[in-house]
Amino acid sequence: MLLLAAVALLSITVGAKQLPLADVWQGLLHRDAAEYAVVHRMRLPRTLLGLLAGAALGVAGAVMQALTRNPLADPGLLGINAGAAAAVATAAALVGVGTVGGQVWFAMLGAAVVTAAVYLVGGGRGATPARLALAGAALNATLYSYVSAVMLLDAASLERLRFWTVGSLASADIDTVGTVAPFLAAGLLVALAAARPLNALALGDDAARALGARPALVRGMVIVAVTLLCGAATAACGPIVFVGLLVPHLVRALTGPDLRWLLPYCAVLAPVLLLGADVLGRVLSRPGELQVGMVTAVLGGPLFLWLVLRRPVARP
């Protein structure tokens with residue numbers, strides 16, 4: 001929590017114009033302060049959105065890894081973020097939807113469809129990590145190609161979504177935070193409620209039933225949680241990859257596999273990664289900035305390769 005508070009403070013103070021802590025404090029508390037507009041209209045909403053989206057992506061990755069028993073499961077790698085992005089791009093091109101309030105419904109629909117598709121194509125309850133990874137990679141490539149085609153063929157969509165498609169917190173405002181917060185809160189509550197039965201499900205369906213869990217209900221809860229978390233986060237920030245992959249692995253070294261501990265720690269440490277990447281993107285390219293989706297991809301790529309080499313999950 002102290003680390004999260006420190007990174008959140010950095011997110012408010014660091015930018016194209018660095019603000020001293022005293023000025024940040026004045027801008028937070030006093031409406032007539034010169035820094036009030038910068039802090040309240042730009043830095044604070046951006047930080048709040050990073051906190052919410054980071055927690056959503058970290059928890060979504062953890063429950064997906066638990067449900068599929070695949071250590072490489074991630075909303076980005078399995079195509080769920082791509083499904084949300086494809087739905088949003090379609091809505092922008094065909095209906096002209098450009099607000100987060102409109103995008104969030106389409107994003108959740110796309111996330112739900114792709115979540116179910118990956119699970120079914122990967123083999124359902126008999127899915128193996130290799131089949132899930134292949135199904136997710138195929139859908140991911142197809143859907144991102146579709147998004148690129150829509151943006152190239154529709155100039156208005158390209159202008160509206162060009163920063164959103166790489167994953168960005170730069171356009172955050174307080175209305176965006178208020179729109180997606182209820183969906184993310186609901187998704188987090190469903191995921192936390194599924195923690196204990198997911199622990200039982202890791203022993204197999206028969207053992208889970210003997211322990212009082214209902215496997216079909218647990219799988220349904222996870223799909224609902226992932227749809228809410230990934231759909232709302234993608235609608236607000238765009239598709240951000242690797243956060244849901246990295247954080248559960250780092251947290252598991254601290255807490256072990258028990259989801260009752262793993263999920264709360266992911267909800268705290270995933271925003272640290274996302275906000276830290278956002279701050280790093282602002283520092284590295286001043287006076288401009290690198291979008292946070294690019295930074296997480298650069299950070300996550302080497303770790304993903306290390307995980308693939310360390311675990312023989314891709315072998316038949």
Side-chain angles (χ1 to χ4, degrees), residues 4 45-68 73-76 78-85 87-88 91 97 99-116 118-119 167 169 172-199 201 213-240 243-244 247-248 251 259-271 274-275:
L4 179 61
R46 185 171 185 160
T47 301
L48 291 174
L49 185 59
L51 292 171
L52 291 172
L57 295 173
V59 170
V63 295
M64 288 177 64
Q65 290 174 14
L67 178 66
T68 62
D74 169 77
L78 294 187
I80 296 171
N81 288 349
V88 170
V97 174
T99 64
V100 174
Q103 289 176 352
V104 68
W105 298 104
F106 289 94
M108 286 193 294
L109 176 62
V113 170
V114 174
T115 300
V118 169
Y119 188 67
L169 299 175
D173 56 36
I174 200 65
D175 291 334
T176 299
V177 175
T179 299
V180 300
F183 298 100
L184 297 178
L188 289 170
L189 289 175
V190 174
L192 291 172
R196 184 184 294 272
L198 266 177
N199 282 338
L201 200 62
R214 298 165 62 184
L217 177 61
V218 176
R219 293 187 177 93
M221 291 175 67
V222 171
I223 290 175
V224 169
V226 170
T227 297
L228 289 168
L229 295 172
C230 294
T234 303
C237 308
I240 297 175
V243 173
V247 174
V251 171
L259 289 164
R260 293 172 298 174
W261 289 95
L262 181 68
L263 295 186
Y265 270 78
C266 285
V268 172
L269 292 178
L274 187 61
L275 285 176

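Residue numbers run from 1 in the order of the sequence given.
- In terms of modelled atom types and a separation under 3.5 Å, the side chain of D173 and the main chain of P45 share no donor-acceptor contact.
- To the nearest 0.5 Å, atom CD of residue Q65 and atom CG of residue L198 are 12.0 Å apart.
- To the nearest 0.5 angstrom, M64 atom CE is 6.5 Å from C230 atom SG.
- Nearest heavy atoms, N199 versus R260: ND2-NE, 3.9 Å.
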- Task: Using the side chain to side chain contact (heavy atoms under 4.5 Å, CB included) rule, take V247 and L57 through it: C-alpha gap first, then chi angles, then the decisive distance, then the call.
- Result: CA-CA 9 Å; V247 174; L57 295 173; over 6 Å; no
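- Counting only heavy atoms from C-beta outward, the side chains of I240 and L274 approach each other to under 4.5 Å.
- Across all their heavy atoms, A55 and P271 have their closest contact at N-CG, 3.5 Å.
- Of all heavy-atom pairs spanning V114 and G83, the tightest one is CG2-CA, 3.4 Å.
- How far CE of M108 is from OG1 of T234: 11.0 Å, rounded to the nearest 0.5 Å.
- Side-chain contact between V118 and I80: absent, with no pair of heavy atoms (C-beta onward) separated by less than 4.5 Å.
- Screening L228, I223, V222, L229 for a side-chain contact (heavy atoms from CB on, under 4.5 Å) involving V226 leaves a single residue, V222.
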**Prompt:** Is there a side chain to side chain contact (heavy atoms under 4.5 Å, CB included) between D175 and V100 once you walk through the steps?
**Reply:** CA-CA 9 Å; D175 291 334; V100 174; over 6 Å; no
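- Here the CG atom belonging to L201 is positioned 5.0 Å from the CZ atom belonging to R219, to the nearest 0.5 angstrom.
- Every side chain to side chain contact (heavy atoms under 4.5 Å, CB included) that L48 has, sequence neighbours left out, goes to L44, L51, I174, V177.
- L184 and A53 get closest at one heavy-atom pair: CD1-N, 4.3 Å.
- Shortest non-hydrogen contact noted between V243 and G58 is CG1-N, 4.3 Å.
- Checked by atom type and distance alone, the side chain of T115 pairs as donor or acceptor with a backbone atom of A111 at under 3.5 Å.
- Within the model, atoms CG of L188 and CG of L263 stand 9.5 Å from one another, a figure rounded to the nearest 0.5 Å.
- In this structure, V104 and A232 approach most closely via the heavy-atom pair CG2-CA, 3.8 Å.
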